[in-house]
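Notes follow the structure.
Side chains included, hydrogens not; waters and symmetry mates left out as well; all remaining heavy atoms used. Quick caveat, the model's predicted, so the values are computed rather than measured. Letters go in sequence order (proteins before strands), and every chain restarts at 1.
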Number of protein chains: 2
Amino acid sequence: MTGNTRFAASVHVLAYLAYKSGAQVTSAEIASSVDTNPVVIRRLLSALVNAQLVTGHKGVGGGFGLASAPANITLLDIYRAVEPQPDHGLDRFTPNHKCPVGARIETILRTAFLKAQTSMEAELACISLEDVHQQLKHVCTGKR
Amino acid sequence: MTGNTRFAASVHVLAYLAYKSGAQVTSAEIASSVDTNPVVIRRLLSALVNAQLVTGHKGVGGGFGLASAPANITLLDIYRAVEPQPDHGLDRFTPNHKCPVGARIETILRTAFLKAQTSMEAELACISLEDVHQQLKHVCTGKR
DNA sequence: GATATCGTAACAATGGTGGTTACATAATTT
DNA sequence: AAATTATGTAACCACCATTGTTACGATATC
């Protein structure tokens with residue numbers, strides 16, 4: 001186990017919206033696809049609406065839909081919408097500054113982590129929701 | 001906050017061993033530099049010994065030392081020694097397989113996460129403990 | 001006005017993380 | 001061999017993030 005399921009679930013949510021292209025989809029319907037509680041989905045959608053990846057409407061016939069074409073939404077957009085800025089534990093890592101190593105290691109680690117993070121994000125930026133949508137249609141899972 | 005402090009602390013530990021080049025260093029001394037409990041340090045060192053990055057010796061005059069030259073140890077080696085294989089929450093993410101999206105999204109996400117992870121690890125592989133050691137000596141922190 | 005739906009607070013259950021104590025094991029020194 | 005020093009690791013605790021759940025107010029449609 002590592003990390004939370006927010007990013008995975010959010011990609012699922014947006015993939016589902018792409019799959020239902022254009023329609024207004026309720027949190028209950030999405031929750032059924034993700035197999036979780038509608039409130040959990042609405043929490044994610046709240047962040048996604050905030051990031052302007054999704055639009056939501058209340059009331060009868062309401063629900064959620066993509067705010068942009070799938071080709072214009074990358075996994076990095078989704079990642080940034082629902083994940084806090086990762087720090088690899090640096091905020092809880094408080095070495096002894098009286099030690100020459102402890103005094104300087106944080107700066108060095110910060111630089112290294114930033115490089116790693118930037119590289120990972122660049123990879124996520126290369127994958128669009130449209131790519132995911134295409135794979136959804138063509139991937140043969142070989143399961144069941 | 002994101003993630004644990006094991007990787008950051010482990011890099012600190014190895015940087016400290018590089019700093020004390022060759023000497024046998026006790027877990028208590030390292031703990032003082034990291035500002036934590038010696039048992040926490042020994043837990044990390046246990047993993048690092050297992051990964052053959054460090055050697056340890058019991059008894060009077062015992063302690064720990066690097067198993068290789070700093071130039072031969074990369075941050076990726078350290079990362080892999082102390083962090084479990086990250087899955088971005090995929091093991092707890094169990095969508096409804098009766099839904100066409102839920103049935104296929106896991107495979108797609110696995111592929112995407114693997115790309116991102118591989119990219120990040122490649123970046124960590126580019127930084128050696130020797131690099132960190134050099135920075136330790138030259139970095140001007142500008143603090144205080 | 002009734003109904004459907006979102007938005008969000010509040011709370012519980014679970015599990016990971018880090019700190020601490022305790023103690024067995026092993027190596028060195030005398 | 002006995003004392004000392006240090007590792008190795010189990011056990012336990014406190015803390016916090018994550019997720020699921022209930023509840024309920026707000027809002028849009030019919």
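A residue-by-residue look at A:Asp35 and A:Gly62 shows that A:Asp35 has its nearest nucleotide of DNA chain D further toward the 5' end. Residues B:Glu83 and B:Gly61 both approach DNA chain C. Their nearest nucleotides, taken by heavy-atom distance, put B:Glu83 toward the 5′ side. Nearest-nucleotide assignment on DNA chain D puts the 5′-proximal partner with B:Val25, out of B:Val25 and A:Val60.
Looking at B:Ser119 and A:Ser119, their side chains do bring a donor and an acceptor atom within 3.5 Å of each other. In the model, A:Arg92 has no side-chain atom that pairs as donor or acceptor with a side-chain atom of B:Thr5 under 3.5 Å. Checking B:Thr2 against A:His88 by side-chain atom types alone, no donor-acceptor pair falls below 3.5 Å. When only modelled atom types and interatomic distance are considered, A:His97 and A:Glu106 share a side-chain donor-acceptor pair under 3.5 Å.
Between the side chain of B:Arg92 and the base of C:dG15, no donor-acceptor pair of N or O atoms lies under 3.5 Å. Scanning atom types as modelled, no donor and acceptor separated by under 3.5 angstrom connect the side chain of B:Arg42 and the base of C:dT21. Between the side chain of B:Arg6 and the base of C:dG16, no donor-acceptor pair under 3.5 Å is found.
Of the listed nucleotides (D:dG8, C:dG19, C:dC6), C:dG19 has the atom at the smallest distance from the side chain of B:Asn37. Of the candidate nucleotides C:dA10, D:dA28, D:dT7, D:dA28 has the atom lying nearest to any side-chain atom of A:Lys58. Side-chain proximity of A:Val40 to C:dT21, C:dC6, D:dT19: nearest is D:dT19. When each of C:dG18, D:dG8, C:dG7 is scored by its nearest atom to the side-chain atoms of B:Phe64, the top-ranked nucleotide is D:dG8.
With hydrophobic clusters built from ILVMFWY side chains whose heavy atoms lie under 4.5 angstrom apart, B:Val40 does not share a cluster with B:Phe64.
Spacing between atom CZ of B:Arg43 and atom P of D:dA6 amounts to 20 Å, rounded to whole angstrom units. For the pair A:Ile41 CD1 and D:dT21 C1', the computed distance is 14 Å after rounding to whole Å. Distance CD (B:Gln24) to P (D:dT7): 9 Å, rounded to an integer number of Å. In this structure, CZ of B:Phe93 is placed 11 Å from P of D:dG20, rounded to the nearest angstrom. At whole-Å resolution of the value, CG in A:Leu44 and P in C:dT8 are 13 Å apart. One interatomic measurement links the two molecules: CG of A:Asp91 to C1' of C:dG18, which rounds to 14 Å at whole-angstrom precision. The nearest whole Å value for the distance from the CG atom in B:Leu45 to the P atom in D:dT7 is 8 Å.
When the side-chain nitrogen and oxygen atoms of A:Thr36 are compared with OP1 and OP2 of D:dG20, one or more of them lie within a distance under 4.0 Å. OP1 or OP2 of D:dG8 has not a single side-chain nitrogen or oxygen of B:Ser46 nearer than 4.0 Å. In terms of phosphate contacts, B:Thr26 brings no side-chain nitrogen or oxygen within less than 4.0 Å of OP1 or OP2 of D:dA6.
Within a 6.0 Å sphere centred on OH of A:Tyr19, heavy atoms belonging to other residues, nucleotides or ligands number 12 at most.
Within the nucleic acid shown, A:Gly63 comes within 4.0 Å of sugar-phosphate atoms alone, with no base atom in reach, counting heavy atoms only.
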